[in-house]
Peer 1: 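This is the structure, below, for whatever I ask next.
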Amino acid sequence: MTGIPSNAIGGAAPRRAVAGSRRRRVRRTELMVYVFLLPTIVLYGLFTVYPIIGSYWYSFLDWNGFEAVKTWVGLANYTEVLADPMFWNSFRITVTFTLFAVPIKVLLALLLAILLNSPRMPWSGFFRTAFFLPVVTTTAIVGVVMQFVFDPASGPVNLGLLELGFLDQGINFLGDSKTALPTVVGVFVWKWFGTTLIYWLAALQTIPRDLYEAASIDKAGPVRMFTSITLPLLKPFLIIITLLTLESTLQVFDLMLTMTGGGPFYATQVMEIYIYEAAFASTTPRLGFASAAAVLFGLFICAVGLFQLVGIRAAQKMRTTK
């Protein structure tokens, strides 16, 4: 034992004990994390993963969802869906709805966020709350209420336009194929406007106020500040917010169903309603056919998600290069 300090021999065991105790605490912590996550994992598996897998399986079957007999038809459901003109009509309406709703929502939210982010704007907190309030309301209830709001005989919109002299008779906003889709677009933008507004407000907080103060010293106007400071620094966020808004716009089933039900004359029959009607609302339900349509629409959403991932990475590169 010559040359070995006595404290080194006596200190090795306590250090091993401390390390072992630390590992046991880490294991207990990890175990508790998994215990708390277990209910979420089980519910997610039952109500999300299992239905997705089931949809892929049912898409290869001829089944009405009630009888025990299930007939294997292979790709016949997919062939029939792709040959159905109503499928492509619903796809076109979904894309049209998205192309109208996304730019309006993103640009209007950006302009309003700039106003609310200004320190000179009075009551900014009140307006932020007011614009975000529709987000927390139930979408189905909003759809039902909007049926009364846009009623051609007694709705407040038509009554107001008649009182102001803009109309001679009420407009059936939800019953006319020319006005039904734009009306739902307007309600959808109003309903979810607060979410995009919060995104933009968070993005504007990343711009240092010193840049605006320096620009004001150089006597730059609001337009010059927006084009030279705000817009260039918000380009990465523009990509992300636009893609997030695009993905959320594809989920409009509850609002569209309660407001128009896909009518009139299939003018607002988005893909989700097309799938719903084939699976549940038709005289003879066709769960296999509806599952095939759902799988195809799901693949389209996955393509949008991949596009979103590429856009987010491009936005990150833009931020790191500045």
Peer 1: Are Thr206 and Leu233 close enough that some pair of their side-chain heavy atoms sits under 4.5 Å apart?
Peer 2: no
Peer 1: Main chain of Ser291, side chain of Ser59: is a donor-acceptor contact present, judged purely on distance under 3.5 Å?
Peer 2: no
Peer 1: Ignoring hydrogens and geometry, is there a side-chain-to-backbone donor-acceptor pair from Asn117 to Gln205 under 3.5 Å?
Peer 2: no
Peer 1: Tell me, do Asn158 and Phe150 make a side-chain contact under 4.5 Å, heavy atoms counted?
Peer 2: no
Peer 1: Considering only heavy atoms from C-beta outward, does the side chain of Glu213 approach that of Asp210 to under 4.5 Å?
Peer 2: yes
Peer 1: Report yes or no: does Thr268 contribute a side-chain atom to a donor-acceptor pair with the main-chain N or O of Gly263 at less than 3.5 Å?
Peer 2: yes
Peer 1: Indicate, with yes or no, if Phe237 and Trp192 share a hydrophobic cluster defined by side-chain heavy-atom contacts under 4.5 Å among Ile, Leu, Val, Met, Phe, Trp and Tyr.
Peer 2: no
Peer 1: Would you say the side chain of Leu82 lies within less than 4.5 Å of the side chain of Trp88, judging by non-hydrogen atoms?
Peer 2: yes
Peer 1: Are Val42 and Tyr50 grouped together when hydrophobic residues (ILVMFWY) are joined by side-chain heavy atoms under 4.5 angstrom apart?
Peer 2: no
Peer 1: Could you please spell out the steps behind the ring pair (Phe, Tyr, Trp, His ring centres under 6.0 Å) verdict for Phe188 and Phe97?
Peer 2: CA-CA 10 Å; Phe188 178 84; Phe97 182 90; 5.3 Å; yes
Peer 1: Phe132 versus Leu197: any side-chain heavy-atom pair under 4.5 Å?
Peer 2: no
Peer 1: Kindly compute the distance separating CG (Leu31) from CZ (Arg27), expressed to the nearest 0.5 Å.
Peer 2: 11.5 Å
Peer 1: Between Gln269 and Met86, is there a side-chain heavy-atom distance shorter than 4.5 Å?
Peer 2: yes
Peer 1: Check for a donor-acceptor pair, side chain of Thr129 on one end and backbone N or O of Gly125 on the other, with a separation under 3.5 Å.
Peer 2: yes
Peer 1: For Tyr58 and Trp63, take the angle between the two ring planes, folded into 0 to 90°, and tell me which bin it lands in: parallel under 30, tilted 30 to 60, perpendicular over 60.
Peer 2: tilted
Peer 1: Just how far is it from atom NZ of Lys70 to atom CG of Leu287, taken to the nearest 0.5 Å?
Peer 2: 9.5 Å
Peer 1: Can a donor-acceptor pair be found, under 3.5 Å and without considering hydrogens, that links the side chain of Thr227 to the backbone of Arg224?
Peer 2: yes
Peer 1: What about Phe87 and Leu257, same hydrophobic cluster or not, with Ile/Leu/Val/Met/Phe/Trp/Tyr joined at side-chain heavy-atom distances under 4.5 Å?
Peer 2: no
Peer 1: In terms of the angle between their ring planes, are Phe300 and Phe297 parallel, tilted or perpendicular, with boundaries placed at 30° and 60°?
Peer 2: parallel
Peer 1: Report yes or no: does Lys191 contribute a side-chain atom to a donor-acceptor pair with the main-chain N or O of Thr137 at less than 3.5 Å?
Peer 2: yes
Peer 1: Do side-chain atoms of Trp72 reach the backbone of Phe60 as a donor and acceptor pair under 3.5 angstrom?
Peer 2: no
Peer 1: To the nearest 0.5 Å, tell me how far Met259 CE sits from Leu181 CG.
Peer 2: 10.5 Å
Peer 1: Taking the side chain as every heavy atom from C-beta outward, state whether Leu110 and Ile114 have any atom pair closer than 4.5 Å.
Peer 2: yes
Peer 1: Evaluate Leu174 against Thr183 for side-chain contact (heavy atoms from CB on, under 4.5 Å), listing each step before the verdict.
Peer 2: CA-CA 7 Å; Leu174 299 178; Thr183 302; 3.7 Å; yes
Peer 1: Same cluster or not: are Val35 and Leu43 linked, directly or through other Ile, Leu, Val, Met, Phe, Trp or Tyr residues, by side-chain heavy atoms under 4.5 angstrom apart?
Peer 2: no
Peer 1: Are Thr258 and Asp254 close enough that some pair of their side-chain heavy atoms sits under 4.5 Å apart?
Peer 2: no
Peer 1: Tell me whether the count of non-hydrogen atoms from other residues, nucleotides or ligands lying under 6.0 Å of CZ in Phe253 goes above 12.
Peer 2: yes
Peer 1: With distance as the sole test, does Glu247 use its side chain to make a donor-acceptor pair with the main-chain N or O of Gly305 at under 3.5 Å?
Peer 2: no
Peer 1: If you take all heavy atoms of Ala130 and Pro134, which pair is closest and at what distance?
Peer 2: O-CD, 3.4 Å
Peer 1: Just checking, any donor-acceptor pair under 3.5 angstrom between side chains of Thr230 and Tyr212?
Peer 2: yes
Peer 1: For Leu111 and Leu115, run side-chain contact (heavy atoms from CB on, under 4.5 Å): C-alpha distance rounded to whole Å, both residues' side-chain angles, the deciding distance at 0.1 Å, then the answer.
Peer 2: CA-CA 7 Å; Leu111 296 177; Leu115 292 176; 6.0 Å; no
Peer 1: Taking atom OG1 of Thr242 and atom CG of Leu246, what is their separation to the nearest 0.5 Å?
Peer 2: 8.5 Å
Peer 1: List the atom of Tyr274, the atom of Ala293, and the distance in Å for their closest heavy-atom pair.
Peer 2: CE2-CB, 3.9 Å
Peer 1: Does Leu296 share a hydrophobic cluster with Leu75, counting links as ILVMFWY side-chain heavy atoms below 4.5 Å and allowing steps through other members?
Peer 2: yes
Peer 1: Between Leu108 and Thr196, is the side-chain contact (heavy atoms from CB on, under 4.5 Å) condition met? List the steps.
Peer 2: CA-CA 9 Å; Leu108 286 180; Thr196 309; over 6 Å; no
Peer 1: Set out, in order, the CA-CA distance, both residues' side-chain angles and the distance that settles side-chain contact (heavy atoms from CB on, under 4.5 Å) for Phe193 and Val135, then state yes or no.
Peer 2: CA-CA 8 Å; Phe193 187 79; Val135 176; over 6 Å; no
Peer 1: Is atom CH2 of Trp190 surrounded by more than 12 heavy atoms (other residues, nucleotides or ligands) closer than 6.0 Å?
Peer 2: yes
